[in-house]
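Reckoned from all heavy atoms, side chains included, excluding hydrogens, waters and symmetry mates. Chain letters run A, B, ... following the sequence lines, proteins first and then strands; every chain starts at 1.
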Protein chains: 2
Amino acid sequence: MLRTNLDFLSFIERFCRENESENISLKSFRPGYRLIEQGDKISNIYIIKEGISKCFISEENGKDFIIEFLGKGEVVGELEALKKIDCLCNVAAISEVTAYVIPDHVFLSLIQKSGEFTTILLQELSTRIIQTSTRASFQQLYTVEYALLKLLQLQANESISLSKDDMAAYLGISVRSFNRSLKQLIEKGNQDTPEFKNMLQTANIKKLVDRLK
Amino acid sequence: MLRTNLDFLSFIERFCRENESENISLKSFRPGYRLIEQGDKISNIYIIKEGISKCFISEENGKDFIIEFLGKGEVVGELEALKKIDCLCNVAAISEVTAYVIPDHVFLSLIQKSGEFTTILLQELSTRIIQTSTRASFQQLYTVEYALLKLLQLQANESISLSKDDMAAYLGISVRSFNRSLKQLIEKGNQDTPEFKNMLQTANIKKLVDRLK
DNA sequence: CATAAAAAAGGACATTTGTCTCGGCGAGAA
DNA sequence: TTCTCGCCGAGACAAATGTCCTTTTTTATG
């Protein structure tokens, strides 16, 4: 859910040290700042060094869908560089974010020159396909309540906590539905519905739920 | 919706001609036959030469979700080979399907040896991410009726016609909901709801709808 | 052609979800 | 302190969806 790719990050950091000439820069972004706007043409790719950002599609009906949360070592803009297309997502910083900004021609030439880089990239793209497909299936075929429970577990595992708006956008539901489901989940946790009770008793999840009241 | 990749196909056909030693074989499968079962370990990848198959996830609650329909030149099993994991989807032939069966070590060594092949593969993976993400967002945030209309248009464009079961599994809904939405769509097409009427008047879509009654 | 068996369609009801709206609560200003 | 503004949660209602079961249609067989 929060993707990271430390291989990517260490590769790039090494590459930067060895190729200071390639005008790769390191930039910082405030929480909320949009690194990338859907529909824009860009000529850089970004690799996140620190912080968390969200990648989301804004549909024409005004609703947003969060594709993924991106952490350390995740890359952004690579699809646009590979396929020479306009940006298909927005990317916004959630926390303070620091990222390497790499001109797309440098990125593309890296693919030509470095087998190691290509391997890392292939792994990254494969992971994305797997995660995106698995999640699409899961969210279409299970109840919201169950998806919410899983989302809380993921946050607990990764020690992050998202805003309600972001969680709703990730689940593809309205905040109203989110609140309703959360309430039901808490009720079931207090009753004796074994499956839910056990899951909700985990210390980390309890904290999260408490924060949400 | 029906993915194809002619670059992939022509690359592989050329490669086969030039490397008959690599024990690549060509196999045919009956409609309904499962080339790949979710959870299996496989040591081949498949590249479709002819026919259409579907790639779908079976969830533990008994429901299926169709990830994509695969046509000429599409590859299957490559994620499993790249990441050394068990199969995450089922793949079943819808029509009569002919496919090249390629041992995974041949596939992996091609990535090492051929820049051209790697480029094609990167393009393919990128396309998958784009399509999967876009569709997940669309299906979560729009009404079923609208998604159904779009699905009919896609079928008309690509001159294929799917079973109701498959369409429902692609949309992530029950057949009951599918029937209901189809009926509503047809009613709106007969009334004067401009947007829908125009879309449904297209000759190809009319044929499709007629077949579904 | 008639009949039985199987498959598909659709009605009824319960549940889920979205939209709209109102009311409570807290932060900041007068 | 009190007032106001804005945000957040939840009630009420309508729409959408799933499940179950009956009805209709199709297919197969004698």
Taking atom [atom2] of [N] as reference, at what distance in whole Å does atom [atom1] of [X] sit?
{"X": "B/L185", "N": "D/dA16", "atom1": "CG", "atom2": "P", "value": "13 Å"}
{"X": "A/L171", "N": "C/dT17", "atom1": "CG", "atom2": "C1'", "value": "13 Å"}
{"X": "B/R176", "N": "C/dA7", "atom1": "CZ", "atom2": "C1'", "value": "15 Å"}
{"X": "A/Y146", "N": "C/dT17", "atom1": "OH", "atom2": "C1'", "value": "21 Å"}
{"X": "B/Q184", "N": "D/dA16", "atom1": "CD", "atom2": "C1'", "value": "9 Å"}
{"X": "B/F178", "N": "C/dG10", "atom1": "CZ", "atom2": "P", "value": "12 Å"}
{"X": "A/L141", "N": "D/dT19", "atom1": "CG", "atom2": "P", "value": "11 Å"}
{"X": "A/Q139", "N": "C/dT17", "atom1": "CD", "atom2": "P", "value": "12 Å"}

Side-chain donor or acceptor of [X] paired with backbone N/O of [Y] under 3.5 Å:
{"X": "B/E50", "Y": "B/V97", "result": "no"}
{"X": "B/S28", "Y": "B/T98", "result": "no"}
{"X": "B/D104", "Y": "B/N44", "result": "no"}
{"X": "B/T118", "Y": "B/I111", "result": "yes"}

Original post:
Given C/dT19, C/dT17, D/dT19, which nucleotide is nearest the side-chain atoms of A/V144?
Top reply: C/dT17

**OP:** Examine B/K150 relative to B/F138 and say whether NZ or CZ is less than 6.0 Å from the centre of the six-membered ring and inside a 45° cone about the ring axis.
**Re:** yes

Subject >> Side-chain donor/acceptor contact of A/R180 with base of D/dG11 under 3.5 Å >> reply: no

Subject >> Toward the 5' end of DNA chain D, by each residue's nearest nucleotide, A/V175 or A/Q140 >> reply: A/V175

Original post:
Which residue lies toward the 5' end of DNA chain D, B/Y142 or A/N179, if each is placed at its nearest nucleotide?
Top reply: A/N179

Subject >> Short side-chain N/O contact from A/K183 to OP1 or OP2 of D/dC8, under 4.0 Å >> reply: no

Original post:
Can you tell me if the side-chain N/O atoms of A/K164 get under 4.0 Å from OP1 or OP2 in D/dG9?
Top reply: yes

